[in-house]
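Below: one structure, written as structure tokens.
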Amino acid sequence: MDWFVIVLTSFLTFVSPVNLIGDRLIADQIRSRVYKVEDLSVRVDNSPSFQAVRGKIERVRIASRGLEIVPDLRVDQVQIETDPIDLRWQSLSGSSLSQLRQSLRKPLQGAIAVVLTEGDLNRALTDPQVKARLETLLNRLIPPDAPRFQINAITVDLLAGNRFRLDVNLQQGLNPNQESNALAIAIETGLQIDNGDRLTLLDPVVMLNGRKISSRVVNSISGSIANKLSLNSLERWGITTRVLRYAIAAEQAEVSVFARVDPSASPDNP
């Protein structure tokens, strides 16, 4: 959740009245706040231009290639296009979700399209911070009384036909006094998004230390994971997201998402 809010508030900072001198200057602001970007274009549509001072912007379009917000976390392509924006700039003073929602006069919504390459994904999976976040997610998905796991290595192989393979090497037993066991897990599966918000695994095959896990067990686990990863869980925070399109091909994945942040209820935002 934190990364989502930080990205949104940073995006609005880029297009605030202070920066609305020209598209090129906004692009320079973005370049100064990321580690690297190979190609970047920005267009802000607003007529008359003074409406921006009042917090009204018709549309913002941003397109990038080779974007690295931090080292080793590269996104091959990103395109963002917003619907009309209407907010109070003076209320946008921090990076919390509540402050963001309180600044909105109307829902903030738009679409984002992302292209990821297999090479970039595997490079990111070697990053210690990414591994730590994945370990946290993994240990949340398993029962509380089950042993905890540490990820030693993880790689992804993007396949044709909306399929991918994941190879994970885990270390069971993080307690120094507990006996450790290495687990090699290989997962190959198709991917489907139901109703734009629920991830479903298609025909998953799971190997544990070279032995195939029964389909009954795999389907039970994948169903439980799908329930926990539903995008509907964001709606309690006033955020609606829907996957518009996705495609996995050899060595490349694409996804387009619609996102909307609703204003908080207040005297100005009933």
Side-chain angles (χ1 to χ4, degrees), residues 3-4 65-69 72-79 111-142 149-171 182-233 241-258:
W3 68 266
F4 183 82
R65 180 181 293 274
L67 173 66
E68 290 186 58
I69 298 178
D72 296 326
L73 297 180
R74 182 183 184 274
V75 181
D76 190 61
Q77 297 177 46
V78 179
Q79 295 185 49
I112 177 170
V114 175
V115 176
L116 301 168
T117 68
E118 183 180 294
D120 289 336
L121 284 171
N122 283 315
R123 191 175 301 110
L125 291 173
T126 65
D127 183 85
Q129 293 185 0
V130 172
K131 277 188 180 181
R133 288 182 176 272
L134 290 176
E135 285 173 5
T136 300
L137 176 61
L138 171 65
N139 287 308
R140 284 177 180 171
L141 293 175
I142 61 179
F149 289 96
Q150 175 180 310
I151 297 176
N152 291 335
I154 179 170
T155 59
V156 64
D157 186 9
L158 301 179
L159 308 171
N162 286 329
R163 294 186 67 81
F164 67 92
R165 176 185 171 97
L166 197 65
D167 287 282
V168 186
N169 186 280
L170 299 175
Q171 195 74 28
L183 298 176
I185 302 175
I187 304 169
E188 183 175 325
T189 183
L191 181 65
Q192 178 175 298
I193 308 295
D194 295 325
N195 300 319
D197 59 38
R198 187 176 297 274
L199 179 151
T200 301
L201 302 182
L202 298 178
D203 301 321
V205 177
V206 179
M207 306 289 289
L208 177 61
N209 290 340
R211 300 183 63 180
K212 185 177 179 180
I213 304 298
S214 74
S215 58
R216 180 178 59 84
V217 173
V218 171
N219 290 333
S220 175
I221 295 173
S222 63
S224 175
I225 292 174
N227 290 333
K228 293 181 179 181
L229 295 181
S230 172
L231 296 176
N232 281 335
S233 61
T241 54
R242 293 292 182 270
V243 177
L244 303 176
R245 178 182 178 276
Y246 70 97
I248 301 175
E251 301 185 357
Q252 181 174 289
E254 304 176 28
V255 61
S256 299
V257 177
F258 166 83

If you round to the nearest 0.5 Å, how far is CG of N139 from CG of L134? 11.0 Å

Taking NZ, NE, NH1 and NH2 as the nitrogens, is one of them in D120 or R74 under 4.0 Å from a carboxylate oxygen of the other? yes

Where is the tightest heavy-atom contact between L73 and A124, given as atom of each residue plus distance? CD2-CB, 3.4 Å

So do the side chains of L191 and L202 get within less than 4.5 Å of each other, counting heavy atoms only? no

Given the rule in the side chain to side chain contact (heavy atoms under 4.5 Å, CB included) test, do D203 and V205 qualify, once you have shown the distances and angles that lead to the verdict? CA-CA 7 Å; D203 301 321; V205 177; 6.0 Å; no

Atom CG of residue position N122 - does it have more than 12 heavy atoms of other residues, nucleotides or ligands inside 6.0 Å? yes

Nearest-0.5 Å distance that lies between atom CZ in R140 and atom CG in L137: 7.5 Å

Between S220 and V217 (side chain of the first, backbone of the second, donor and acceptor by atom type, cut-off under 3.5 Å), is there such a pair? no

After noting the C-alpha distance and the side-chain angles of V257 and V255, does the key distance pass the side chain to side chain contact (heavy atoms under 4.5 Å, CB included) rule? CA-CA 7 Å; V257 177; V255 61; 3.9 Å; yes

Taking the side chain as every heavy atom from C-beta outward, state whether I112 and V78 have any pair of such atoms under 4.5 Å apart. yes

Side chain to side chain contact (heavy atoms under 4.5 Å, CB included) evaluation trace for L183 with F149: CA-CA 10 Å; L183 298 176; F149 289 96; 3.3 Å; yes

Are the side chain of D157 and the backbone N or O of R165 linked by a donor-acceptor pair below 3.5 Å? no

I'd like to know if the side chain of D76 and the backbone of V115 have a donor-acceptor N/O pair within less than 3.5 Å. no

Could you report the tightest heavy-atom contact between L201 and S222, atom names first, then the distance? CD1-CB, 3.7 Å

Please determine, by modelled atom types, if Q252 and E254 share a side-chain donor-acceptor pair under 3.5 angstrom. yes

Are the side chain of K212 and the backbone of V206 linked by a donor-acceptor contact shorter than 3.5 Å? no

Does L231 form a side chain to side chain contact (heavy atoms under 4.5 Å, CB included) with V243? I'd like the steps, not just the answer. CA-CA 9 Å; L231 296 176; V243 177; 4.0 Å; yes

Once rounded to the nearest 0.5 Å, what's the spacing between atom CD of E68 and atom CZ of R123? 7.5 Å

Does the side chain of D197 come within less than 4.5 Å of T241's, by heavy atoms? no

Would you mind reporting whether L121 and L158 have side-chain heavy atoms less than 4.5 Å apart? yes

Rounded to the nearest 0.5 Å, how far apart are CD1 of I213 and CG of L208? 4.5 Å

Applied to residues 183-195, the side chain to side chain donor-acceptor pair (under 3.5 Å) test, sequence neighbours excluded, yields Q192-D194, D194-T200

Quick one: CG on D167 to OG1 on T155, what's the gap to the nearest 0.5 Å? 4.5 Å

Measuring only between side-chain heavy atoms, which start at C-beta, is I154 closer than 4.5 Å to L166? yes

Does any part of the side chain of N232, heavy atoms only, come nearer than 4.5 Å to the side chain of R242, both counted from C-beta? yes

Which atom pair, heavy atoms only, marks the closest approach of N152 to Q171? ND2-OE1, 3.0 Å

Non-hydrogen side-chain atoms of P204 and N219 separated by less than 4.5 Å: yes

Say you draw a straight line from CG of L138 to CZ of R133; how long is it, rounded to the nearest 0.5 Å? 15.5 Å

